[in-house]
Q: 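The structure that follows is given in the form of structure tokens.
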Amino acid sequence: MSLELLLVADSDSQLLACQALARFGSEHEARITVNAIPREGTPEAVLRALERIGPVWGLSQPALLADRRLDQFDAIGVYLTGSKLADFRSTYHLSRQSLRRAVRPLFCGFNGVVLERFEEAIAWRLGYDLICLNGPRDQARLELLLRHTPFSGQRSVLTGLGRNRPVPAADQRLRRLVFAEQVVMPATALERRRLVRILARLARRSPEWELVIKPRVAPHETTFHTVDTHISHTLAETLGSPPANLQLNYAPLAELLPESRLLATVSSTALFDALDLGCKAVVMDDFGLRQDLGTPFFAGSGLLRSLATAGDLDSLEQGATADPEWLHWVGYHRDFSPANLLEAIGQLGQTPVPRQMRLSQPGYLVNATDLSINQLRRGAETAIRRGDFKEAVRLLEIAQLQRPEHRNISRRLAAVRHDNRWKLRLALLVSPGFRL
Amino acid sequence: MNLGLVCEGEPGLAACRQLGQALRQRGACVTLLSPTEGNTAGNTGQDHLPWLPLAPLAAACSDLLQGLDAVGVFLEGAAVASFRRVHAEAARLRGAPPRPLFSGPIRPLCGDALTADLLPRLGYDLICVQGQAQQEELSWLLQDSGQTEQAVETIGLWCLPTQPIGHATSQQPMLLMLDQAELPPSPFANGVLYERLKAIALSSPGWLVRLQSESPLAVDPAEWPQTSLLWHGQQDLQRPANLQLGLADDLPMALIQASACLGIGSAWLISAMVWGKPTVVLGDYGIRTEFNGPLFFGSGAMQQLADCLPLERLLQLPPVNPHWLGSRGWAIADGPERLLRRLEQLGGEQP
């Protein structure tokens with residue numbers, strides 16, 4: 001049975017996750033459309049790559065929810081950041097209710113390895129019909145978090161860390177190391193300069209190799225994290241004149257890795273892209289195992305190496321083989337792939353309309369219960385429209401606790417707190433409401 | 001057994017004192033090794049533990065450790081790994097085997113914070129975690145890091161006050177708000193929360209609302225952190241009479257007298273739950289890692305502030321989720337015995 005799926009994303013990272021899923025779908029009898037919500041700084045290359053796989057829409061969220069074509073899909077995958085994920089789920093259900101249209105199963109997931117804030121991320125994702133997880137490691141964490149809570153019935157599916165069509169390793173690859181740079185790992189200018197110096201020295205010790213730093217984003221592009229200094233500036237100010245065999249290269253990893261022998265990273269999901277593409281990989285442990293760097297995740301991989309003390313790149317390449325048990329544990333194994341998602345969606349389709357999990361439970365609070373600022377403000381406006389000012393105060397008070405510096409929230413709250421009906425009406429007129 | 005417990009400042013000192021007394025009641029001889037003895041209240045007479053004024057690294061290479069069967073290292077951060085390294089180096093130079101070292105989190109942590117806490121403890125002869133939940137998280141970390149040989153023991157909520165207390169609830173009902181010096185992390189956000197609590201006090205004249213610092217503050221209120229509710233209370237010239245401020249020293253007594261307890265992410269919330277006090281974890285901020293939300297996610301005690309009004313509602317709250325409390329360590333009733341057993345085994349394994 002062929003499935004029709006819609007994927008919704010905005011930032012470049014999320015679109016890359018969609019790209020992998022779309023590619024997989026196109027090879028497995030699923031027709032996948034991607035809606036890239038317009039956002040400044042989204043790399044054109046990512047959008048072009050998506051268009052080569054299948055249809056790409058560019059609708060805003062409200063336009064998408066109003067679009068009749070939404071009903072043609074068997075399921076909708078949402079790849080947005082936490083609060084937007086919860087907002088989409090909530091507004092999607094409200095829109096289907098008001099338009100009297102059928103609800104499709106919603107699924108969401110993560111883009112690559114989850115290095116931190118897993119529990120918080122799950123608290124935004126609860127209520128989705130399916131949460132895609134990477135592997136047994138994430139499943140164990142989900143199970144522990146939800147055990148003995150009213151949310152223990154949350155469905156999840158293991159979709160793995162493989163994102164590319166596998167390419168065999170070959171001898172004739174270039175003697176090239178690709179270093180997958182991350183914008184905040186490490187984060188301090190001091191450590192980023194140290195990183196660059198270590199790479200430069202390694203390049204000097206390996207004159208027959210080419211050492212390529214692949215920046216996470218081009219200087220004009222944006223990503224989830226905001227940064228002050230681009231790696232190109234760090235390189236220039238740290239080294240002055242770098243060795244001839246050390247260069248920046250902005251080509252996509254999908255182009256660089258199939259012809260390179262080795263990838264190095266601090267903690268990037270690109271490590272698994274390298275394995276997909278037949279390129280050996282090592283994890284840089286010169287900064288130690290630190291939670292803020294995400295390196296503990298890779299500690300059991302068998303791939304930790306000090307680049308500062310490595311003799312040269314030939315010696316670094318030797319023995320760079322990942323531990324198979326660790327790969328299975330984290331989700332890099334043929335048992336875990338988007339095929340599991342397609343199967344789970346197929347099963348959802350065979351059951352009657354899936355019952356929504358009740359997120360409001362006494363004694364429990366989850367972020368997905370309309371707790372984002374936008375949801376709270378929208379809820380308050382709805383309450384104001386129906387004259388329920390007590391509820392509006394309740395919601396705006398929560399919003400104010402979360403964002404005390406937000407002047408419009410404070411002004412709106414002051415307005416709805418008026419006891420006098422006329423003063424209240426007047427204050428509502430002059431205080432800013434909320435529109436997304 | 002002859003044991004030493006190494007710590008530096010709070011909350012390690014209070015935790016070690018508590019563990020030391022529990023171990024002593026079971027026949028062990030325990031000495032505190034710490035630069036200061038800290039607050040000696042409740043540590044007098046028969047309860048007093050022998051104390052040596054030693055900074056952690058001085059203790060790590062001290063000959064005094066040679067007379068001990070094992071040493072508990074209850075430091076945090078990089079100091080944990082430094083202690084083990086220095087002790088091993090000192091033992092090497094001395095030509096004697098290092099003493100068995102045990103260690104573990106001194107707070108009820110979970111998730112990222114637990115991982116960051118446990119990382120420098122890997123490689124200790126024994127890691128003590130509190131309950132099944134921490135044990136599971138440690139097992140994943142060991143699996144991630146390939147160190148599956150690490151010895152681990154669950155010893156319960158050893159670092160929190162959980163011994164039965166008397167119930168001497170004050171005549172006027174009292175809501176105890178646990179004030180964490182750094183939460184919420186901005187002075188402005190604290191000010192908004194303070195105003196909300198003040199409004200609650202004003203609208204509940206029959207109640208006493210007490211803002212209780214959970215950590216020691218400077219003697220001079222001008223030096224209190226602006227990210228604490230107490231600072232805002234001190235600044236408020238129109239603070240209602242039924243909105244009181246309480247310092248950390250009074251916390252245990254205030255908790256005994258409280259009718260209900262409220263907090264954002266304080267470890268003392270767990271003590272209040274164990275003691276059966278109606279307890280609310282403030283849920284208005286949602287599940288946020290920096291607010292300790294993941295720890296209390298499963299507690300069944302999260303409420304929004306508006307849902308606690310009128311305050312009489314607090315007295316009818318459903319009990320905390322017992323499975324959650326059990327998995328945090330409350331299910332382990334024989335923690336000190338377990339620890340002593342494991343340390344005896346370790347002693348037997350040492351060359």
Side-chain angles (χ1 to χ4, degrees), chain A residues 83 115-124 126 136-137 140-141 143-151 288-292 295-302 304 323 325-326 329-330 361-369 371-372 390-391 393-395 397-405 410, chain B residues 110-113 115-120 122 132-133 136-137 139-148 184 186 188-193 196 280-290 293-307 317-324 326-327:
Chain A
S83 59
L115 295 173
E116 57 178 4
R117 294 174 185 263
F118 178 80
E119 298 82 3
E120 194 174 314
I122 291 297
W124 285 114
L126 285 175
R137 179 182 186 270
R141 293 196 291 173
E143 198 274 326
L144 177 64
L145 180 71
L146 304 184
R147 191 185 298 164
H148 304 306
T149 73
F151 316 110
L289 293 184
R290 280 172 28 196
Q291 183 63 19
D292 63 315
T295 39
F297 173 85
F298 294 94
S301 64
L304 287 185
D323 180 272
E325 276 186 35
W326 178 84
W329 166 241
V330 299
Q361 299 278 354
Y364 295 88
L365 278 167
V366 298
N367 300 348
T369 325
L371 256 187
S372 77
K390 201 174 158 193
E391 175 66 1
V393 167
R394 189 184 77 82
L395 294 172
E397 280 187 344
I398 299 171
Q400 193 195 36
L401 277 177
Q402 291 188 17
R403 287 276 181 84
E405 73 288 356
S410 298
Chain B
C110 82
D112 297 346
T115 304
D117 179 277
L118 287 171
L119 272 170
L122 298 184
Q132 189 198 344
E136 284 184 45
E137 289 202 62
S139 75
W140 307 333
L141 181 64
L142 296 174
Q143 196 159 347
D144 286 351
S145 58
Q147 300 193 36
T148 45
S186 87
F188 197 37
N190 257 277
V192 171
L193 181 57
R196 204 61 57 77
V280 170
V281 182
L282 191 60
D284 297 58
Y285 298 102
I287 305 298
R288 285 164 67 175
T289 303
E290 61 271 34
L295 175 67
F296 290 102
F297 177 85
S299 66
M302 281 194 149
Q303 306 282 344
Q304 285 168 343
L305 204 48
D307 297 328
L317 288 175
V320 64
N321 179 347
H323 302 290
W324 173 83
S327 74

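Convention: sequence-line order gives letters A, B, ...; per-chain numbering from 1.
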Q: Which of the residues A/E119, A/H148, A/E405 is involved in the greatest number of heavy-atom pairs with chain B at under 4.5 angstrom?
A: A/H148
Q: Taking every heavy-atom pair that is under 4.5 Å apart, which of A/N367, A/T149, A/L371, A/V393 has the most such pairs with chain B?
A: A/N367
Q: Top residue by heavy-atom pair count (under 4.5 Å) with chain A, among B/Q132, B/H323, B/R196, B/E290?
A: B/R196
Q: By salt bridge (charged side-chain N to carboxylate O under 4.0 Å, His left out), which residues pair with A/E143, not counting sequence neighbours?
A: A/R147
Q: Non-hydrogen atoms of chain B under 4.5 Å away: do they reach the side chain of A/S301, the backbone, both or neither?
A: backbone
Q: Could I get the full list of salt bridge (charged side-chain N to carboxylate O under 4.0 Å, His left out) partners for B/E137, not counting sequence neighbours?
A: none
Q: Using ring centroids (six-membered ring only for Trp), state whether A/F297 and A/W326 fall under 6.0 Å.
A: yes
Q: Tell me, for A/R141 versus chain B, whether the close heavy atoms (under 4.5 Å) come from the side chain, the backbone, both or neither.
A: both
Q: Using a cut-off of under 4.5 Å on heavy-atom pairs, state which of A/L289, A/D323, A/L144, A/L146 scores highest against chain B.
A: A/L144
Q: Top residue by heavy-atom pair count (under 4.5 Å) with chain A, among B/A306, B/P294, B/S186?
A: B/P294
Q: Which bit of A/R117 is near chain B, if near means a heavy-atom gap under 4.5 Å: side chain, backbone, both or neither?
A: both
Q: Work out which heavy atom in A/P296 is nearest to a heavy atom in A/R290; give both atom names and the distance.
A: CD-O, 3.1 Å
